[in-house]
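To find a chain, count down the sequence lines: A is the first, B the second, and so on, and within it residues start at 1. Just so we're clear, the structure is a prediction, and the values are computed from it rather than from any experiment.
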2 protein chains.
Amino acid sequence: MEQKKDRRIRKTRAQLQNGLAKLMKTKSINEITVKELVDEVDINRSTFYLHYTDIYNLLEDIENRLMDEILRVIDSHKNVTDGGLLSIFTDIFTIIDANRDICSALIGEKGDMAFVQRMEDIIASHGVHDLMNQFMLPERPIHYMISFSMSGCIGMLKEWLSTENSEPPEYMANVAYNTVFHAFKAFYNGYAVCLC
Amino acid sequence: MEQKKDRRIRKTRAQLQNGLAKLMKTKSINEITVKELVDEVDINRSTFYLHYTDIYNLLEDIENRLMDEILRVIDSHKNVTDGGLLSIFTDIFTIIDANRDICSALIGEKGDMAFVQRMEDIIASHGVHDLMNQFMLPERPIHYMISFSMSGCIGMLKEWLSTENSEPPEYMANVAYNTVFHAFKAFYNGYAVCLC
DNA sequence: GCTAAAAATCAACAGTTTGTCTATAAATCG
DNA sequence: CGATTTATAGACAAACTGTTGATTTTTAGC
């Protein structure tokens, strides 16, 4: 889809994206001005407006790149029948590990809730069927269970990103998968006695 | 602690806080200017700077009010020995229900990650001991489990706030408590066979 | 390599918001 | 009531914004 375009375009946008990621490590997104960013990466301010409308539009572009990457890898083995959720988790943790800087900014203290929401939606829409097939669960309260699990995974992710030299992506994918799996299983078994 | 101060001060700050909550329903916090807010509530711009340094400082004040309210209720029955987590959940869901407008803004799509983090920390620091006592869990991976559960609760909260005429706070507290409880229990039972 | 096209730079512009300042009017509490 | 505190009003320089037009540089395709 995305044409490769002019080399200058690719270079400029990469500079701006990396520059924003760098600035976001020192201050929150709302404090970052266009002028400050273009000074940082030594690009003319007019050039910025040639590509983006404002800082948030640039951030959107960065998020889209990440999302595209994740979606592409997920799609690449969607025909795998079993272990769907585990392999999706592995993919996501791996990609995030490769983009640690920007991801810790996006998911951290001064992060972007909309991005987190998109992440949750992706996991939910691609991974939940896997669990639905294993447990026959009633429609109603399962909604809360899904929200719980997806946000829970983000929480693990957040914790993982906040520590240096942390566990490898594969380990994290395992922990996340097992936790969600057991949570669903417990929910399934305990549903009749504890809820409603 | 908080002196009641002058009536004018209370009135002005309340106006600004309500005005921001109202504006946050239509646009994200970063797009809201001081000028726009004072026009909305018909207060002189100089007056705003008499109380707050900027919009984010005002938001901080709002969050602090909420946090104080939650902490006060939690403290009020900390001497209760059992069912600690459940009663904390009930308190929190009740207070949030009473402040639905501002809470859905803070936790929603364009919300404030720092606020969410504070909420998770409160639940974790006040409610986790309750679970620790019931399950003897190893120190290490339990950290991820705690993050998972706390973020999971926020996820439920988010889902709950996003729907009109939703379940009563007591019901939600029950669902959240049971989900966390069973997740921990499953984690405890399955730990040896599934992780590490 | 040459050339037409595209992109980056530069300087300048009006418009807005910001934060601070003074002086003045109004409201509060004792 | 009267002293004190707070809100208002207007003005100010400073910074950032978003756009424009003219110019230079780089690119892709032949």
Side-chain angles (χ1 to χ4, degrees), chain A residues 1-65 68 105 110 112 114, chain B residues 1-65 105 110-112 114:
Chain A
M1 38 189 73
E2 258 292 328
Q3 322 240 31
K4 287 203 76 179
K5 304 245 180 178
D6 201 306
R7 176 195 301 160
R8 285 167 296 183
I9 294 182
R10 277 176 280 136
K11 196 174 156 188
T12 300
R13 293 189 182 169
Q15 273 181 278
L16 289 172
Q17 288 174 5
N18 293 333
L20 184 59
K22 183 176 176 185
L23 286 181
M24 282 175 71
K25 293 172 78 171
T26 66
K27 52 170 68 180
S28 71
I29 183 84
N30 55 70
E31 301 171 310
I32 300 173
T33 66
V34 173
K35 178 177 161 44
E36 187 181 5
L37 173 59
V38 295
D39 283 351
E40 167 75 29
V41 297
D42 196 35
I43 277 183
N44 194 279
R45 198 163 61 88
S46 298
T47 307
F48 176 92
Y49 288 107
L50 240 46
H51 297 274
Y52 304 106
T53 61
D54 56 27
I55 290 286
Y56 293 91
N57 184 230
L58 165 59
L59 183 64
E60 210 180 302
D61 194 32
I62 294 178
E63 294 179 359
N64 285 339
R65 255 195 338 117
D68 283 350
K110 292 288 182 181
D112 181 3
Chain B
M1 43 189 69
E2 256 292 329
Q3 323 240 29
K4 290 203 76 179
K5 305 248 180 180
D6 198 306
R7 177 196 299 158
R8 285 168 295 184
I9 293 182
R10 277 176 280 136
K11 196 173 155 189
T12 300
R13 292 190 183 170
Q15 273 181 279
L16 289 171
Q17 287 173 7
N18 293 333
L20 184 59
K22 183 175 175 186
L23 286 180
M24 282 176 72
K25 292 172 79 172
T26 67
K27 52 169 68 179
S28 73
I29 183 84
N30 55 70
E31 301 170 311
I32 301 173
T33 66
V34 173
K35 179 176 160 43
E36 186 181 6
L37 173 59
V38 295
D39 283 351
E40 167 76 29
V41 297
D42 197 34
I43 277 183
N44 194 279
R45 197 164 62 86
S46 299
T47 307
F48 176 90
Y49 288 108
L50 240 47
H51 298 273
Y52 304 107
T53 60
D54 56 27
I55 290 287
Y56 293 91
N57 183 231
L58 166 58
L59 183 65
E60 210 180 302
D61 194 32
I62 296 178
E63 294 179 358
N64 285 339
R65 256 193 337 114
K110 292 289 181 181
D112 181 4

Quick note, Arg45(B) side chain, CB onward, closest among dT9(C), dT18(C), dG18(D) is dT18(C)
Which part of the nucleic acid, if any, lies within reach of Arg8(A) when heavy atoms closer than 4.0 Å are counted: base, sugar-phosphate only, or nothing? base
Starting the side chain at C-beta, find the nucleotide from dT20(D), dT18(C), dT20(C) nearest to Lys35(B). dT18(C)
When rounded to the nearest 0.5 angstrom, what distance separates NE2 in His51(A) from CG in Asp61(A)? 10.5 Å
Among the nucleotides dT18(C), dA9(D), dC29(C), whichever has the atom closest to the side chain of Val34(B) is dT18(C)
On the nucleotide dG19(C), are OP1 or OP2 found under 4.0 Å from the side-chain N or O atoms that Thr53(B) carries? no
Nearest listed nucleotide, side chain of Ile9(B), among dT18(C), dT6(D), dA8(C): dT6(D)
Using a 4.0 Å heavy-atom cut-off, does Ser46(B) contact any base of the nucleic acid, only the sugar-phosphate backbone, or nothing at all? base
Remember a base hit wins even if backbone is also touched, and classify Asp6(B) as base, sugar-phosphate or nothing at under 4.0 Å, heavy atoms. sugar-phosphate
Side-chain N or O of His51(B) less than 4.0 angstrom from OP1 or OP2 on dT6(D)? no
With a non-hydrogen cut-off below 4.0 angstrom, is Thr33(B) in contact with a base, only sugar-phosphate, or nothing? sugar-phosphate
Measure the angle between the two terminal helix axes of the helix from dG1(C)-dC30(D) to dA12(C)-dT19(D), five base pairs each, and quote it to 10°. 30°
